[in-house]
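Quick notes on the structure that follows.
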2 protein chains.
Amino acid sequence: MIEPSPPGTKERMLDAAERLFAERGFAATSLRAITAAAGVNLAAVNYHFHSKEALLAAVFARRLGPLNRQRLELLAQARSRAGRRSPPLEEILEAFLAPAFRLHRDLAPAGPGFPSLMGRIYAEPGEHIRVILREQFGEIAARFTEALKEALPKLPPAELYWRIHFMIGAMAHTLAGSRALGLVAGGRCDPPDVEGTIRRLVVFLAAGLRAPAARRTRRSRTR
Amino acid sequence: MIEPSPPGTKERMLDAAERLFAERGFAATSLRAITAAAGVNLAAVNYHFHSKEALLAAVFARRLGPLNRQRLELLAQARSRAGRRSPPLEEILEAFLAPAFRLHRDLAPAGPGFPSLMGRIYAEPGEHIRVILREQFGEIAARFTEALKEALPKLPPAELYWRIHFMIGAMAHTLAGSRALGLVAGGRCDPPDVEGTIRRLVVFLAAGLRAPAARRTRRSRTR
DNA sequence: GTCTATATGGGGATAGAC
DNA sequence: GTCTATCCCCATATAGAC
């Protein structure tokens with residue numbers, strides 16, 4: 001569905017890198033492990049890509065291009081449905097969140113590699129990763145921040161920025177498919193239910209974003 | 001305030017490890033870098049701790065013991081204030097969140113090492129880390145899940161588990177002090193304002209947790 | 001484009017003197 | 001408890017044959 005043709009060397013390496021980076025983290029994954037999993041020679045990684053870092057960048061570029069295009073398209077659809085008003089907050093959130101989560105399903109045979117990697121990447125240090133994030137998310141962040149501002153005109157901008165930060169945290173952690181869920185739920189949640197996850201996250205985030213801004217005055221700290 | 005006596009070799013190593021693990025990630029940080037930063041000999045790490053993984057576990061154990069005790073104490077205080085009723089949702093959230101964020105301030109001279117590390121650790125793969133998380137957070141997760149259930153009696157348990165998951169994601173991402181904030185806010189948020197951050201996060205999460213559970217029926221997916 | 005072989009450096013861990 | 005010196009392995013990257 002995504003790529004029906006038999007994968008060549010380059011694609012097999014991207015697939016393997018995507019999966020192993022997601023499973024073990026960037027620094028902990030060796031090029032040897034990747035080339036072995038892909039069934040290609042070790043030297044191929046330096047022929048097709050330049051370096052390990054460039055391989056990571058290629059992994060991201062391959063998915064995030066289409067993914068971000070889909071996000072913007074869903075946002076545009078929501079805008080055209082809304083006419084001159086702001087689209088409903090829920091539709092903005094869904095346009096942002098759903099494409100990432102649906103990769104879980106659409107890439108099912110290849111495993112949950114990329115979404116999990118995308119969820120983790122926000123937490124990984126390293127300069128190259130910062131660069132990848134800025135390049136891939138800059139426009140998306142600007143467009144959705146603008147849409148959220150219109151949908152929440154009464155929220156002070158600083159408050160909105162914080163809440164977007166919280167939102168990204170919730171999204172990333174959920175995408176990462178973290179073990180932490182098992183800590184608390186004992187297996188009672190259902191990770192494969194992608195649409196349910198999106199819906200739950202949208203409901204949660206919409207309510208959080210709509211909350212009245214915190215007032216300055218609360219009881220003084222005792223500690 | 002936390003440790004007035006001059007730090008010995010072991011403490012200096014824990015300090016350096018905490019900071020470097022937070023800045024560079026576990027796998028990307030060498031023991032050589034840690035011992036150099038601490039001003040101790042390389043071999044000391046294998047004398048005082050057993051291995052690199054055991055050093056990481058020691059870093060966590062040193063902070064999470066007091067931190068989790070403080071969380072339970074704040075929860076107990078909220079319970080006693082509330083009498084026979086459930087404590088307000090906001091106070092439960094604050095009991096859970098505030099101790100972690102206040103380390104940012106209380107450990108200020110040593111830098112934001114541990115909170116940032118704690119925020120990132122949820123996203124790091126690796127079996128040892130999973131073990132650390134389970135041992136350090138098991139009781140906390142159980143106690144706070146119970147308190148949240150009482151405060152939100154109408155919320156189906158499965159929904160609550162998901163929302164706790166979202167909550168941990170927002171907390172972790174915020175603790176990690178992520179670069180992503182800069183992406184969206186352009187420096188208009190104020191990370192050092194710890195109490196403000198706690199307040200904002202509590203307001204956001206309380207609203208999300210209180211949202212009516214999502215209904216099954218929404219418009220059918222077009223894609 | 002793909003392979004073998006290797007250069008070059010760094011990693012964690014440890015032995016054994018002091 | 002702390003040091004030096006070293007073991008042994010694995011990392012990324014590249015050279016050069018096919």
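In this text the structure is predicted, and so the values were computed from the model without any measurement. All values below were derived from every heavy atom in this structure, side-chain atoms included, with hydrogens, water molecules and symmetry-related copies excluded. Quick note on labels: first sequence line is chain A, next is B, and so on, each numbered from 1.
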How are the rings of B:W162 and B:F166 set to each other: parallel, tilted or perpendicular (split at 30° and 60°)? tilted
Please produce a list of atom pairs where a protein N or O lies less than 3.5 Å from an N or O of nucleotides 16-18 of chain D.
none

I want to check one thing: is the phosphate of C:dG1, taken as OP1 and OP2, less than 4.0 Å away from some side-chain N or O of A:N41? no
Distance check needed: C:dG1 P versus A:M13 CE, whole Å only. 13 Å
Atom OH of B:Y47 to atom C1' of D:dG1: distance rounded to whole Å? 5 Å
Give a yes/no on whether any side-chain N or O of A:T9 is located under 4.0 angstrom from OP1 or OP2 of C:dG1. no
Restricting to side-chain hydrogen bond (donor to acceptor under 3.5 Å, both in side chains), what partner residues turn up for A:R62, sequence neighbours left out? A:D15, A:E18
Set of side-chain contact (heavy atoms from CB on, under 4.5 Å) partners for A:A37, sequence neighbours left out: A:A16, A:R19, A:L20
Are B:H50 and C:dA13 close enough that a side-chain N or O sits under 4.0 Å from OP1 or OP2? no
With sequence neighbours excluded, what pairs up with B:E139 under the side-chain contact (heavy atoms from CB on, under 4.5 Å) test? B:L72, B:R143
Which residues pass the side-chain contact (heavy atoms from CB on, under 4.5 Å) test with B:R32, sequence neighbours left out? B:S30, B:L42
Does B:R79 have any side-chain hydrogen bond (donor to acceptor under 3.5 Å, both in side chains) partners at least two apart in sequence or in another chain, and if so, which? B:E150
Mind listing the N/O atom pairs, protein and nucleotides 9-12 of chain C, below 3.5 Å?
unit_1, atom_1, unit_2, atom_2, d
C:dG11, OP1, B:S30, OG, 3.1
C:dG12, OP1, B:L31, N, 3.2
C:dG12, OP1, B:K52, NZ, 3.3
C:dG12, OP2, B:L31, N, 2.8
C:dG12, N7, B:R32, NH1, 2.8
C:dG12, O6, B:R32, NH2, 3.2

Can you name the ring pair (Phe, Tyr, Trp, His ring centres under 6.0 Å) partners of A:F26, sequence neighbours left out? A:F21, A:H128
Only counting residues at least two apart or in another chain, list the ones meeting side-chain contact (heavy atoms from CB on, under 4.5 Å) with B:A54. B:H50, B:S51
Please state how far atom NE2 in B:H48 lies from atom P in C:dA13, giving the value in whole angstrom units. 16 Å
